[in-house]
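To start, the structure itself, in structure tokens.
Bear in mind that the values here come from a model prediction, so they are computed numbers and not experimental data. Just so you know, ligand 1 is whichever comes first in the structure, and atom 1 is the first atom listed for that ligand.
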Amino acid sequence: MNVESKLRILADAAKYDTSCASSGSARKRPDGGIGNGSNGICHSYTPDGRCVSLLKILLTNFCIFDCMYCVNRVSSDTPRARFTVDEVVNLTLDFYKRNYIEGLFLSSGIIQTPEYTMEQLIAVARKLRTEHRFGGYIHLKGIPGVSRELLVEAGALADRLSVNIELPTQKDLDRLAPAKSHVSIERSMDQVRDAAQEHGTGRSSRFLPAGQSTQLIVGATPGSDAEILTRASDLYRGRGLRRVYYSAFSPIPHAHSELPSEAPPAVRENRLYQADWLMRFYGFAAGELTPAPDANLALGMDPKLAWALRHREFFPVDVNTAPKEALLRVPGFGVRNVKRILSIRRFHRLDTMDLAKLRIPIRRAEPFIALDPGSARKLDSLHLPAQFSGRVEQLSLFDAPALARTGEF
Ligand code: SF4
């Protein structure tokens, strides 16, 4: 099989990993036009916020495991291919020199053993970095359960490493991916975290400057958003992950009867990204966003607004006196704007015009704030916008992950 045919198979097989923003794009080059969303070019974000194009491929889609949700599982009859280390290195350099890409995202099915597979991934990164002095971005997949030495070597060569946790609970893994265990996956994450702490973390570190990430599949099991967000929260707090990606389950050909026949609504993935952003930057706990008995996020409104409506006693928040933590809970107040409000109010009291100048969506925030004593409108008399009448609000730039990058919520 020639390299082009392998590329077609192994780029397509990599699209299910959502650690790149444009994963799953099926856009083809129009007749006579330019630009192609397929064939393995995707985008990701560097630690300094730059968007970079990556060659996103698997080293091979052969795999000895049989995870039911995966198109590459051993029992699948999907076409198979395997790159050599040199083929991946040459493709990366070739695409890089032609300015198609700024880096490589390399994952793999498990061949022979997890250790052997990890060694092959490392061999690609080592050759690029040492023999070809490649300075571009490299994202490697970390294979759970391999030795600490291999993970440390991978971390010294790559910008980002991701060990995928896949499903929120061990019960889910036992059902759909019995060869995997959270204990082994989390041990690998801990080893990467500890090595990063020894080497010094952050953008200037030579060890994984973009940190480690993971992926959680949404909708392959009946697991609730509460379980997913609790797991994500544990990973951020306990294991120092930089990002958790949420990937809506997509039905695969000849799927096992244990799997749902339909993908979950796309808006569920968006709500999870919004909730994730609220946990990381707005001080919300997973349990506040998905309180019992409602274990799932509302699809018809964003989780910050949903929290505000459940906690009307918390409002109105006085823009001129409230602490930062309270301001961050006001719908429509983003992290950047809260910072600006705190800075402006050192000099004078804010009024509606000040908020307008900050481009805060006044109509969204107004029912939840007080600018002058007695000026707050009572929430009970609030004319509720359309999203409260049960209609799913239209997704816009306000929604994650676009929102997650702008930091305004
Ligand atoms: S180990 Fe990875 S590639 Fe192999 S079947 Fe499971 S999810 Fe798919």
Side-chain angles (χ1 to χ4, degrees), residues 6-20 23-24 40 42 56-83 88 105-122 124 139-147 150-151 154 160-189 212-221 223 228 231 244-260 263:
K6 291 184 189 180
L7 181 60
R8 202 168 301 121
I9 293 172
L10 293 170
D12 190 62
K15 75 183 178 194
Y16 296 98
D17 196 312
T18 58
S19 305
C20 295
S23 303
C42 76
K56 180 177 178 182
I57 49 173
L58 300 188
L59 183 68
T60 178
N61 65 342
F62 285 101
C63 188
I64 58 174
F65 291 137
D66 204 26
C67 309
M68 287 179 203
Y69 49 81
C70 177
V71 72
N72 302 319
R73 68 195 187 281
V74 66
S75 59
S76 164
D77 66 355
T78 192
R80 307 279 177 174
R82 178 178 171 180
F83 280 128
V88 178
F105 176 107
L106 185 62
S107 182
S108 182
I110 311 296
I111 33 172
Q112 297 185 24
T113 63
E115 296 268 328
Y116 174 76
T117 309
M118 193 75 238
E119 281 165 10
Q120 295 290 296
L121 298 178
I122 290 171
V124 171
H139 179 151
L140 287 185
K141 191 58 57 186
I143 311 292
V146 301
S147 71
L150 284 177
L151 291 171
R160 170 165 279 188
L161 197 66
S162 53
V163 183
N164 282 351
I165 195 141
E166 309 287 22
L167 296 169
T169 66
Q170 184 60 47
K171 196 172 60 172
D172 291 335
L173 279 184
D174 292 343
R175 242 182 84 208
L176 300 186
K180 294 186 172 174
S181 90
H182 276 168
V183 171
S184 160
I185 293 166
E186 289 175 354
R187 189 186 308 121
S188 295
M189 288 176 173
Q212 60 172 328
S213 61
T214 194
Q215 169 183 275
L216 270 164
I217 300 170
V218 177
T221 59
I228 291 170
R231 170 65 60 185
V244 174
Y245 290 92
Y246 305 91
S247 169
F249 166 72
S250 45
I252 48 174
H254 315 297
H256 196 281
S257 58
E258 289 270 347
L259 290 169

As a quick check of understanding, evaluate side-chain hydrogen bond (donor to acceptor under 3.5 Å, both in side chains) for Ser108 and Lys141, giving each step before the final call. CA-CA 7 Å; Ser108 182; Lys141 191 58 57 186; over 6 Å; no

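Under the 6.0 Å distance and 45° angle rule, Lys56 counts as a cation-pi partner of Phe105.
Scanning the protein for heavy atoms near atom 8 (Fe) of ligand 1, the closest one is Cys70 SG, 2.3 Å. In terms of protein heavy-atom proximity, atom 6 (Fe) of ligand 1 is closest to Cys67 SG, 2.3 Å.
Considering only heavy atoms from C-beta on, Tyr69 comes within 4.5 Å of Leu167 through its side chain. Two residues are said to be in side-chain contact when any heavy atoms from C-beta on lie closer than 4.5 Å; Ile165 and Gln215 fail this criterion.
Nearest-residue assignment for atom 2 (Fe) of ligand 1 (options Lys180, Arg73, Lys141; heavy-atom criterion): Lys180.
Counting backbone and side-chain atoms alike, Cys63 contributes no N/O/S atom closer than 2.8 Å to atom 6 (Fe) of ligand 1.
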